[in-house]
*Asks:* 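There's a structure below that I have some questions on.
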Amino acid sequence: MSRLSGGLIDRDTPLNFHFNGRSYQGYAGDTLASALIANGVRLVGRSFKYHRPRGIFTAGSEEPNALVTLREGARAEPNTRATMTELFDGLVARSQNHIGSLEHDLLAVNDLLSPFLAAGFYYKTFMWPRAFWEKLYEPAIRRAAGLGALSMEPDPDAYDKGFLHCDLLVIGGGAAGLAAALTAGRAGARVILADEDSRFGGRLLAESDTLNGAPAVDWVAAVCAELDQMPNVRLMSRTTVFGAYDHGIYGAVERVADHLPTPGACVRQTLWRITARRTVLAAGATERHIPFADNDRPGIMLAGAMRAYANRWAVSPVPAGDKVAIFTNGDDGHRTALDLIAKGVRVSHVIDTRTDAPRFGDYDLLSGATVTGSRGRKGLRAIRVAQDGRETWHIVGALAVAGGWNPNVHLASHHRGRPVWDESALAFLPHNPPMGMVPAGACVGKGGTAEALADGMRAACAALAELDFSAKPISLPEAQNASAAQAPYWHVPGTRRAWVDFQNDVTVKDIALAHKENMRSVEHLKRWTTLGMATDQGKTSNVSALAVMAEITGATIPETGTTIFRPPYTGVALSVLGGGDTGEHFRPKRLTPTHGWAKAQGAEFVEVGPWMRAQYFSRDGETHWRQSVDREVLAVRRDVGLCDVTTLGKIDVQGTDAGEFLNRVYANMMGTLKVGMVRYGLMLREDGHLFDDGTCARLAEDHYVVTSTTANAGAVYRNMEFARQCLWPDLDVQLISTTDAWAQIAVAGPKSRALLQRIVDGFDLSNEAFPFMACAELTICKGLRARLFRISFSGELAYEVAVPARYGQALMARLMEAGADLGVTPYGTEALGVLRTEKGHAAGAELNGQTTAQMLGLGRMVSAKKDSIGAIMSRREGLAQDRRRLVGLKSCTPEVQIPAGAHLFTKGATQSLKTDQGWVTSACYSPHVGGYIALGFVENGDRRMGEILTAANPLEGQSFEVEVTSAHFVDPEGGRLRD
Amino acid sequence: MLIPHPLLGLRDAQEFTYLGDASLMSRPAPEAGEAAFCDYVFLRDNPAGVHRELWFHEQGDRSWLVVTRDTVTHEILGAELASDYARSSS
Amino acid sequence: MTDLTPITALGAAKPAEVSHGSLTLTERPDIGLASLALRKGVTCPEGLPAAGEATDRVFWIGPGQWMIEGPGQADSDFAAQVKGDFPGCSVTEQTDGFSVVEVHSHDGAAAIEALLAKLVNIDPVALAPGCAHRTALHHMTVFVIRRADDQIAIIGMRGYAGALWHAVDLAARRLES
């Protein structure tokens with residue numbers, strides 16, 4: 001163990017964990033990374049492409065190297081950053097991307113092959129022979145290059161989502177963020193303070209700075225306690241705000257239970273959609289490194305991270321007695337030396353690129369020096385330092401690298417606000433951030449503790465002033481600004497590989513090669529080298545790469561440009577983006593009023609949009625669905641059948657202009673409909689094509705109930721509201737959907753009248769009193785309010801009876817009981833489809849958006865006496881001259897099925913688009929006909945009765961002979977309906 | 001996005017169904033003929049910039065709104081009830 | 001009185017009720033509902049709530065449109081009664097179109113607001129007592145009425161009653177843990 005004194009770990013709570021099968025101990029407050037370092041584990045993974053040994057490089061979410069597979073079994077999660085993983089008792093983690101052990105990875109041979117694996121190698125090396133690409137190269141590359149593997153088991157955990165609203169969202173809980181939140185909280189604004197870390201404080205937890213002369217954590221604790229007491233403030237730790245969206249909407253993931261062994265009754269993560277009137281972005285900064293030869297060995301780490309490990313986690317990067325060196329281009333690296341020395345760690349040298357480097361303490365300072373190489377295959381053993389033209393090796397166990405800090409501008413650039421280069425800060429600063437966002441603190445280059453605190457307060461006041469809150473300045477703690485002086489120094493020149501992007505294995509050489517190959521724009525550089533395109537989005541590499549590119553081209557950094565960032569800031573699991581609804585709750589199900597009854601009858605259900613409808617009712621002895629469907633169809637044609645048709649859209653239309661309104665939205669005349677009657681109606685789109693069909697029942701002079709198809713219920717209602725509000729706002733008409741209010745049951749078949757007669761309360765159902773297309777409000781079953789419509793989809797004598805939905809199930813049961821001696825049979829959507837196909841009624845397949853009233857043979861329904869939606873355009877030449885007509889098709893071999901979607905050709909003709917005669921829309925087996933039948937649109941179909949056509953299904957190489965017939969296979973005269 | 005509903009204040013755009021160019025409200029008179037309907041049905045502006053467009057508050061009060069939005073920045077410059085807009089512009 | 005036996009929207013004989021921590025969910029099939037729409041040229045009756053608001057028995061559902069509630073009147077012809085109360089208006093029977101879930105908190109507003117944050121994307125400021133909004137909940141369309149600090153009603157389409165109950169029940173259960 002290489003523990004130091006102090007730190008924010010709880011030494012009274014030791015925790016056991018396993019890494020690659022070995023058991024270790026850490027403390028509460030540790031991350032997996034800090035605990036591994038404390039246990040002397042330096043090698044934690046293999047690199048993406050070259051399988052180079054890698055160690056922990058950072059102490060935060062920017063970590064490029066230390067990606068592990070966390071947990072086991074179904075909960076195993078690959079590519080988890082050890083630096084963001086809070087230690088819990090029993091934690092199990094494994095390293096990734098190696099064959100054999102981590103120490104003896106067989107794929108380390110890739111490192112020797114590196115000359116073949118340089119930038120763009122995919123596009124060059126593996127092009128030939130072509131046949132090898134899919135069979136050999138791709139599988140081999142996928143196996144060799146990559147990260148962890150999924151468990152391939154279902155995720156056992158629960159996720160959920162939520163919505164938050166606030167006046168001020170503060171992103172980042174460091175010095176600036178805490179000052180902003182406190183300022184806004186005291187002003188009474190509704191504040192959300194979110195931080196990805198498990199505790200607030202940001203760099204205040206990682207530095208040795210004092211506030212008001214006391215450890216900074218004391219002030220952090222006091223501020224958090226005060227904020228926690230405020231009802232207007234919501235503190236959200238372990239919450240990453242990953243994306244900025246329009247108008248102040250932010251996406252955030254709260255890791256509710258990731259720090260626990262298992263979530264238990266909790267959800268694991270919550271996706272929050274935060275709507276913020278204003279936002280302070282206090283996301284801090286990420287340290288950059290200085291590429292030099294072989295700079296990727298375990299033990300080489302960012303200087304700020306090494307400081308954080310020492311101060312926050314009381315961890316030394318080396319065993320006691322070993323030495324640490326610091327390589328820096330500015331004063332910040334010296335802080336690491338001072339903090340390590342204060343904790344008793346031996347510092348070998350501070351190697352400063354500046355010739356006039358200042359000295360801040362008692363350590364060996366090498367000015368104007370650089371690190372030019374390293375040794376140690378599985379962990380750093382020595383570094384080579386060049387000074388005044390001389391190179392010397394120094395034995396060190398760890399090297400801290402400080403290349404300056406890159407403000408975390410990510411969220412500020414999510415709306416394409418391109419960061420701008422600031423030469424004095426040597427950093428890209430946010431520019432044109434999203435509306436309502438005020439960046440503050442280290443993410444605008446104000447990283448000194450005192451200036452970050454002040455800037456956070458300023459940002460909160462500025463944001464709130466726009467919202468009419470009078471935020472008063474708060475008294476900030478006494479703080480210092482550590483010197484941040486630095487001189488630009490971007491990489492150490494050399495001939496060996498110097499890594500820029502560790503996660504995607506991109507080196508300075510790759511950038512030079514890309515430039516040589518004319519990939520000169522930043523975007524091309526990115527894509528050719530894959531720099532910055534790994535899971536860390538190049539947090540530690542992008543700016544350094546730009547600087548290297550600028551140096552190669554001889555241009556300035558601003559001339560070289562920059563890329564911007566897209567959400568998410570860090571990776572977000574698909575399971576939480578899914579919002580948590582899975583399995584049977586994947587989407588809400590809409591049940592019919594008779595659902596429970598149908599289920600008890602053993603119905604099979606089918607999804608129709610959100611609705612679950614009974615598809616058919618299997619009976620004992622039936623082994624195939626066709627047996628059930630045929631039986632149901634025949635029962636309707638012979639006796640009487642029952643079908644729940646509640647799902648059809650129902651819209652209540654009232655008002656003195658209701659008739660006129662319906663005249664305008666239906667192609668046919670509705671205003672002349674008599675009270676107590678129903679009319680079939682066609683709706684067109686304004687372009688003249690068919691939109692929907694349904695019925696229109698007039699219950700009173702100023703009251704209609706119209707129906708739509710199940711599928712179009714929403715669209716029809718929306719369109720009618722469009723007509724009412726946008727086209728004809730002066731008509732007196734009111735609309736409201738009543739689909740769910742009424743359970744509607746189709747009672748169809750020759751014995752339907754006899755059955756209904758048994759349940760109506762003295763209502764005269766005779767043909768004279770209640771003819772075809774009549775409707776009435778009545779009572780049934782001793783006083784239940786009901787509506788009765790004499791309409792038929794099956795071609796038989798039929799009715800639809802509607803009752804308040806709560807009685808639907810009881811009514812179904814009653815009809816079954818009352819009609820037992822009549823042979824009453826429930827039928828599902830399959831039989832419904834067969835019945836309507838046999839009768840030639842159009843449904844979804846015939847109303848597919850490309851068909852017209854004429855094609856259905858209903859051209860005369862489009863009234864010329866009035867204007868209606870689509871009427872004018874339905875008469876345009878192209879549609880008016882269309883000669884395709886709906887016909888029936890009979891399979892010439894009755895037992896051979898006609899595939900719906902097949903195209904129709906004149907017998908013997910070549911089959912091409914030019915000779916196409918139409919297509920098959922709906923097909924089924926007709927027990928009435930005793931063979932397979934279909935509906936389809938055929939060129940001049942109404943004049944081709946009896947002709948034999950070829951139905952072709954080129955996808956399956958099939959071809960069938962079909963006979964053109966009337967679409968009305970059943971009762972073409974329509975006598976049964978009117979009996 | 002947030003749509004400033006004239007009666008209900010800011011509401012999330014997820015509650016709305018988008019239709020498009022508000023010129024769809026200017027349906028020609030039937031006697032204007034086929035060419036006028038052709039223009040109405042098929043020809044619409046698609047500006048990069050300020051655009052008047054129709055949004056339906058489907059998961060809300062079922063109002064059609066005319067929303068003036070900059071399609072480049074997504075800034076919303078105003079919203080009114082389509083029925084008010086239709087009456088005032090007729 | 002009919003001899004048919006009604007069932008609740010959840011498909012049971014009796015209304016559902018469940019408690020999780022400080023929240024109690026109650027299905028209310030007894031509430032009669034009827035929608036009311038103003039006709040052109042008819043002056044708006046007094047006392048109807050403004051946009052986004054609710055009174056004791058009425059909530060606003062759209063421009064010129066309200067829903068009238070009649071607790072205990074689901075089995076009467078409630079629409080006919082409303083029509084009598086508002087002559088000259090368009091009235092539509094809605095009792096069976098919806099499923100009403102009342103959520104009561106035994107622990108004040110905080111639990112209600114925590115529940116709402118998991119269900120609907122409406123700023124709690126706009127859902128103060130006396131407010132009513134129609135919005136999306138798990139891809140369904142619902143009315144949310146803030147009856148009081150410690151009470152809301154969530155009213156969803158009847159066909160979705162099971163899915164709505166599941167969503168609210170699960171959210172309440174998770175708040176408990």
Side-chain angles (χ1 to χ4, degrees), chain A residues 158 160-165 190 264-267 270 273 275 579 581 585 587-593 595-596 610-611 646-647 652 654-657 702-703 730-743 779-785 803-811 813-814, chain C residues 1-9 11-12 29 33 35 37-41 61-65 74 77 89-99 110 114 116-126 138-140 156-164 166-167 170-171 173-174 176-177:
Chain A
D160 75 355
K161 60 178 180 287
F163 310 91
L164 297 173
H165 298 78
R190 290 189 298 158
C266 291
V267 295
T270 297
R273 186 183 176 93
T275 305
D581 294 318
H585 301 293
R587 67 171 181 179
K589 288 195 176 85
R590 205 170 173 187
L591 307 185
T592 68
H595 186 86
W611 288 102
T646 304
T647 61
D652 199 60
Q654 298 193 41
T656 49
D657 295 324
D702 56 357
H703 188 186
D730 292 325
L731 292 183
D732 176 40
V733 61
Q734 296 83 40
L735 307 174
I736 196 156
S737 165
T738 62
T739 303
D740 292 53
W742 297 86
T779 66
I780 63 170
C781 301
K782 302 188 181 118
L784 178 62
R785 286 172 296 110
V803 293
R806 68 184 60 199
Y807 290 101
Q809 185 148 309
L811 174 62
R814 173 64 54 84
Chain C
M1 193 65 184
T2 179
D3 58 355
L4 292 182
T5 310
I7 55 171
T8 69
L33 293 170
S35 59
L38 282 188
R39 293 203 169 181
K40 289 269 157 14
I61 58 175
Q65 238 177 10
D77 189 350
C89 291
S90 293
V91 173
T92 305
E93 175 165 349
Q94 296 285 356
T95 300
D96 288 52
F98 296 92
S99 158
L116 285 171
K118 285 292 174 79
L119 294 175
V120 295
N121 190 8
I122 300 281
D123 190 335
V125 168
H138 282 236
H139 305 283
M140 297 174 276
M157 290 188 272
R158 183 180 179 99
Y160 284 120
L164 176 61
H166 166 78
L170 186 66
R173 196 157 9 117
R174 283 174 174 169
E176 193 185 0
S177 58

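Note that the coordinates shown come from a computational prediction; the quantities given were computed from them, not determined experimentally. Here is how names work: the chains are called A, B, and so on, in the same order as the sequence lines, proteins then strands, and each is numbered from 1.
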*Asks:* Looking at A:Gly655, A:Gly162, A:Gly264, which has the largest count of heavy-atom pairs under 4.5 Å with chain C?
*Replies:* A:Gly655
*Asks:* Spell out, as yes or no, whether a donor-acceptor pair under 3.5 Å connects the side chain of A:Asp740 to the backbone of C:Gly159.
*Replies:*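 Judged by distance alone, yes, a pair lies under 3.5 Å.
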*Asks:* For the CG atom of A:Asp160 and the CG atom of C:Leu170, what is their distance to the nearest 0.5 Å?
*Replies:*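 These two atoms lie 7.5 Å from each other.
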*Asks:* At a 4.5 Å cut-off on heavy atoms, which part of A:Leu164 comes close to chain C: side chain, backbone, both, or neither?
*Replies:* side chain
*Asks:* What closest approach, in Å, do A:Arg806 and C:Asp96 show between heavy atoms, and which atom pair accounts for it?
*Replies:*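 Looks like N-OD2, 2.7 Å.
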*Asks:* Please report the shortest heavy-atom distance between A:Arg785 and C:Asp77, naming the atom on each side.
*Replies:*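 Shortest heavy-atom separation between A:Arg785 and C:Asp77 comes out as CD-OD2, 3.4 Å.
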*Asks:* Would you mind telling me which of C:Lys40, C:Gln94, C:Glu93 has the largest number of heavy-atom pairs within less than 4.5 Å of chain A?
*Replies:* C:Lys40
*Asks:* Just how far is it from atom CG of A:Asp652 to atom OG of C:Ser35, taken to the nearest 0.5 Å?
*Replies:* 7.0 Å
*Asks:* Is chain C contacted by the side chain of A:Thr592, its backbone, both, or neither, given a heavy-atom distance below 4.5 Å?
*Replies:* neither
*Asks:* Only pairs of heavy atoms separated by less than 4.5 Å count here; which of C:Arg173, C:Gln65, C:His139 has the most with chain A?
*Replies:*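 Of the options given, most contacts go to C:Gln65.
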*Asks:* Can you tell me how far OG1 of C:Thr5 sits from OH of A:Tyr807, rounded to the nearest 0.5 angstrom?
*Replies:*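 Atom-to-atom, A:Tyr807:OH and C:Thr5:OG1 are 8.5 Å apart.
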*Asks:* For each of A:Gly596, A:Pro610, A:Cys781, tally heavy-atom pairs with chain C at distances under 4.5 Å, and name the one with the top tally.
*Replies:* A:Cys781
*Asks:* Return the set of residues passing side-chain contact (heavy atoms from CB on, under 4.5 Å) with A:Leu591 (not counting sequence neighbours), or none when no residue passes.
*Replies:*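 Per chain and number, A:Leu591 pairs via side-chain contact (heavy atoms from CB on, under 4.5 Å) with A:Lys589, A:His595, A:Met612.
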*Asks:* Looking only at heavy atoms and a cut-off of under 4.5 Å, which of C:His166, C:Met1, C:Met157 has the most pairs with chain A?
*Replies:*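 The residue among C:His166, C:Met1, C:Met157 with the greatest pair count is C:His166.
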*Asks:* Is A:Asp702 salt-bridged to C:Arg39, cutoff N-O under 4.0 Å?
*Replies:*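 Between C:Arg39 and A:Asp702 there is a salt bridge, with a charged N closer than 4.0 Å to a carboxylate O.
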*Asks:* Given that the side chain runs from C-beta out, which part of A:Thr739 has a heavy atom under 4.5 Å from chain C: side chain, backbone, both or neither?
*Replies:* neither
*Asks:* I need the residue from C:Met140, C:Glu176, C:His138 with the largest number of non-hydrogen atom pairs under 4.5 Å to chain A.
*Replies:*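 Answer, by heavy-atom pair count under 4.5 Å with chain A: C:His138.
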*Asks:* Between A:Leu731 and chain C, which part of the residue has a heavy atom less than 4.5 Å away: side chain, backbone, both or neither?
*Replies:* backbone
*Asks:* Which answer fits C:Leu119, side chain, backbone, both or neither, if we ask what part of it has an atom under 4.5 Å from a heavy atom of chain A?
*Replies:* backbone
*Asks:* Would you say that C:Asp123 contacts A:Arg190 through its side chain, given a criterion of any heavy-atom pair below 4.5 Å between the two side chains?
*Replies:* yes
*Asks:* Taking the side chain as everything from C-beta on, heavy atoms only, tell me whether A:His165 gets closer than 4.5 Å to C:Ile122.
*Replies:*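 No, too far: nothing below the 4.5 Å cut-off.
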*Asks:* How close do C:Ala163 and A:Pro588 get, heavy atom to heavy atom, and via which atoms?
*Replies:* CB-CB, 3.7 Å
*Asks:* Begin from the C-alpha positions of A:Val803 and C:Thr2 and carry the test side chain to side chain contact (heavy atoms under 4.5 Å, CB included) through to its verdict.
*Replies:* CA-CA 12 Å; A:Val803 293; C:Thr2 179; over 6 Å; no
*Asks:* What pairs with A:Lys161 under salt bridge (Lys or Arg N to Asp or Glu O under 4.0 Å), at least two apart in sequence or on another chain?
*Replies:*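 By the salt bridge (Lys or Arg N to Asp or Glu O under 4.0 Å) rule, A:Lys161 matches A:Asp581.
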*Asks:* For C:Leu38, is it the side chain, the backbone, both or neither that has a heavy atom under 4.5 Å from a heavy atom of chain A?
*Replies:* backbone
